[in-house]
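Hydrogens, waters and symmetry mates play no part in the numbers below; they use all other heavy atoms, side chains included.
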Amino acid sequence: MQVAAVIVDVPTMQTDKEFDYLIPDEWVGKIVPGMRVIVPFGPRKVQGVVVRLKPTSTVKNLKKISEPMDLSPVLNKELLQLGEWLTEHTLCFKISAYQAMLPAAMKAKYEKKLVLVNREGINQLPVELQQWFNDRTEISWKEADQRNWLSTLQTAVSIGTFEVVYDVKDKARKKIEKHYLLSHPTDELKRIMDTFSKHAKKQREVLEFLLKSPETSWTMKELTTACQTSTSVVQELVKKGILQEKEVEVYRDPYQHRSFEKTYPLPLTDQQQKAISPILSSIENGDHRTYLLYGVTGSGKTEIYLQAIQRVLEQGKEAIVLVPEISLTPQMVHRFKGRFGDDVAVLHSGLSIGEKYDEWRKVQRKEVKVVVGARSAIFAPFENIGIIIIDEEHETSYKQEENPRYHARDVAIYRGKFHGCPVVLGSATPSLESFARAQKNVYHLLTLSKRMNDRSLPDVSIVDMREELRKGNRSMFSTLLFEKLQDRLEKGQQTVLFLNRRGYSSFVMCRDCGSVMQCPHCDISLTYHRVTNQLKCHYCGFETTVPGVCTECGSEHIRYFGTGTQKVEEELGKLLPHARVIRMDVDTTSRKGAHERLLSQFQEGKADILLGTQMIAKGLDFPNITLVGVLSADTMLHLPDFRASEKTFQLLTQVSGRAGRHELQGEVVIQTYTPEHYSIELAGEQNYNDFYQKEMVMRKMGRYPPFYYLALIHVSHEDLMKVISVCEKITSYMKTQLSEEAIILGPTVSPIPRINDRYRYQCLIKYKREPRLIPALKKILDFYVKERNSENVYVSVDLHPYMMM
DNA sequence: AGCACGCCGACT
DNA sequence: GTCGGCGTGCTC
């Protein structure tokens, strides 16, 4: 066996296949499938992943692998296979599938440079170049380009003065610490010590300190503080050869300065007991089953996860727990670290690239048994998985919106089958798809209908804001909400206010001509941000200062409509000047650790009101919250998305669940302009079952999931006519390929007709069983070269889409 | 993606 | 008559 099949890191249609390479003799037996390698590819070098070994190849003139990038495989057999499955099921490139499984730090960095190989030839170069290479032997391609030296240097390449070199580098930087330890056996050292000069008092002290535990190594800092001395003393000992330096890899542990109070399994309620026992028997018998753990907010789902994992660990197996990104609050981490301590690795986007890499390596080296993380943690390189848990199963963040457009739930079930282990999907408001599958016994339904300690669900009031307006209340707070807000302030209890729109106001309109300020690059209105006094586009990031007069008619009567978190914050400052408010949205939490800091401030009672967007809907579990206010329940309801009702119901139910989780009874006030809508009414009653029934009827009528599957084809281009014609061609092609039962809608304008100066059209396919769908879609992608062809038309396919925009 | 090869317009 | 435009095709 000396040929390796490699998938190269060139994500295009034409290169999306295996390339064969010879394994150099010195690496035979060492290069194995799942390793990253550097291979020559055309004139350059690229990173690749070895997917299999074979004795020979049908291709002649094979090139050799340049070098391996790993000492042991980073993708195991299962993950390599999963990559193929992902490619097939999301229509992505193989390399993209593998890259999705690895931490970002392992993505290759490419550098092209010119290296001086013949110093003689330098004399023929212009003076400024000669100066540059006086004390240098290379220049990066980029640098040479910027200095306008490329053409000169290229002629120098042709006569052999320079050589073009392609470098492939690992982004990953292992964090290295220098440690110091004794380099001789103790008795020998004692002899050496006697030869010391009498003045070398400090050196002797250091040695005596080290001799107490001769095997241990210390960092410079540890040594100098322990011995009350300076670095020079240690350096001197190294020089004398008594101490040796050793480089040790250390992990960047984002949680190292935190201590987690050890927790122990809590006694389970009868309901919990009943729910956990089928999971435990699955674990015991090693059979794969998917459970839908449907439990109302505060019913103790997490304890079930913890105890199921406990059992898995006792069997010597591993566990993966997925949580939605935004709820990776310290609370969740605390509960897992508290129970399983150092056996837990945490993976989420708040970590730096290096930190993520280190956490990932802990998994790879089998130093942890449990991974708690966001979507991509589903690819944790465990080899003996005993359970996979997806908390808040209905969350849309489990679907990746770039290639590979996978859903973590599907990957979880794939891995569950492979490892013969249970997959547990937990939610208080399951997605319709999952609940429907549970009804059909594809998933096994486990129900927790009671809150822990029989705490009652919060009282929910729905306030009709049209009525408030009629009564003359034009503020954003209804009388009821405002009264309760004041009441909580007096009692010293905390309130959560929820509004899913950041910024100050949602659009700016001229009152004379009615024109709305729009983004010049996208067909979307600009949002006013008060703090910076700017108008921002939330899609392309365009920013502009607020014009003094209307750009259309020159009128000065410009008004701000709609309400964002910033405006609410300002309003609160006016109405309740003594209230301490913390605002949480993308704008206040973008800095690393800000999310966590704001939450802990709130937890410590440093604020009375927490005001925020989606991100505060989950994971908050503070005893002092007794009031939750939803300022405008309808903002989501009118989005052009067949899941709008479902999302609204879920959000309102989740937000309401934040109140009164502990001793104090909780209250919820939901403000809306459409109180009669079933998703708002039923969320008020916390009535999932009725909502499910009603929404299923709607889905059946609209021929949407779970009754039909969806495939969404996006087309975008700078030229409107081009987009329409390409989309038209695609739509009619699909019509020739699919059966009568398939519903093919299009070409239709995307709900956001233009983003970043590109027009957007789409074709939506609703189907039940179409064996020719995937091949047909592949053909389209083939033709339009997956997302980008020479004419710059972007075509992308999303199977089972979540984002309809 | 890069890069080479290859065939048609404005220039020393 | 050449330099260079980017269209097409290949990378084990």
Side-chain angles (χ1 to χ4, degrees), chain A residues 1-25 27-28 31-69 80 84 87 91-100 104 106-115 140-146 148 150-158 162-169 171 402-404 717-719 722 726 781-796:
Chain A
M1 286 227 268
Q2 44 164 3
V3 175
V6 174
I7 304 293
V8 292
D9 178 24
V10 184
T12 64
M13 199 79 235
Q14 299 130 306
T15 50
D16 188 33
K17 59 182 182 111
E18 293 174 6
F19 285 85
D20 289 346
Y21 286 91
L22 287 170
I23 300 176
D25 292 341
W27 296 109
V28 171
I31 288 182
V32 294
M35 272 187 189
R36 296 172 307 149
V37 289
I38 296 171
V39 292
F41 195 64
R44 58 210 170 109
K45 280 186 181 168
V46 297
Q47 189 191 65
V49 175
V50 177
V51 288
R52 73 188 88 245
L53 299 182
K54 39 195 197 181
T56 53
S57 172
T58 50
V59 182
K60 45 190 175 1
N61 301 329
L62 290 187
K63 287 187 185 172
K64 276 187 188 173
I65 288 176
S66 308
E67 56 178 298
M69 291 179 85
L80 282 172
E84 282 173 38
T87 307
L91 300 175
C92 69
F93 303 120
K94 293 179 177 67
I95 192 67
S96 312
Y98 293 131
Q99 240 142 31
M106 295 179 97
K107 214 178 148 186
K109 219 173 77 186
Y110 296 101
E111 199 194 39
K112 190 178 172 187
K113 59 185 183 182
L114 291 151
V115 178
S140 77
W141 192 270
K142 215 173 125 200
E143 180 88 50
D145 190 28
Q146 277 162 8
N148 251 322
L150 268 189
S151 56
T152 319
L153 284 167
Q154 270 176 317
T155 39
V157 169
S158 63
F162 286 92
E163 207 170 80
V164 183
V165 173
Y166 297 87
D167 248 4
V168 184
K169 272 196 205 129
K171 254 190 227 154
E402 307 119 55
N403 269 329
H717 190 267
E718 283 172 14
D719 179 12
K722 181 83 193 164
V726 169
L781 289 175
D782 255 10
F783 190 74
Y784 292 101
V785 196
K786 279 198 186 167
E787 306 234 343
R788 182 179 308 196
N789 77 348
S790 53
E791 283 177 284
N792 231 352
V793 182
Y794 286 39
V795 176
S796 69

I would like to know whether A:Asp20 and A:Lys54 meet salt bridge (charged side-chain N to carboxylate O under 4.0 Å, His left out); could you show each step before the answer?
-> CA-CA 9 Å; A:Asp20 289 346; A:Lys54 39 195 197 181; 3.2 Å; yes
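Separating the CE atom of A:Met13 from the P atom of C:dT8 is a distance of 19 Å, rounded to the nearest angstrom. Here B:dG2 presents its P atom at 9 Å from NZ of A:Lys112, a figure rounded to the nearest Å.
The side-chain hydrogen bond (donor to acceptor under 3.5 Å, both in side chains) check on A:Asp719 picks up nothing, with sequence neighbours excluded. A:Phe41 meets the ring-ring contact (aromatic ring centres under 6.0 Å, His included) test with A:Phe19; sequence neighbours excluded.
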Would you list the protein and nucleotides 10-12 of chain C atom pairs, both N or O, that sit under 3.5 Å from each other?
| from | atom 1 | to | atom 2 | distance (Å) |
| --- | --- | --- | --- | --- |
| C:dT11 | O3' | A:Gly42 | N | 3.1 |
| C:dC12 | OP1 | A:Tyr21 | OH | 3.3 |
| C:dC12 | OP1 | A:Pro40 | O | 3.3 |
| C:dC12 | OP2 | A:Lys63 | NZ | 2.4 |
| C:dC12 | O3' | A:Asp20 | O | 2.7 |
| C:dC12 | O3' | A:Lys63 | N | 2.6 |
| C:dC12 | O2 | A:Asp20 | N | 2.7 |
| C:dC12 | N4 | A:Lys17 | NZ | 3.0 |

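Distance check: A:Met69 CE to A:Lys169 NZ gives 11.0 Å after rounding to the nearest 0.5 Å.
Heavy atoms only, all atoms of each residue included: A:Val46 and A:Val10 are closest at CG1-CG2, 4.3 Å.
One finds a side-chain N or O of A:Tyr166 lying less than 4.0 angstrom from the OP1 or OP2 phosphate oxygen of B:dC3.
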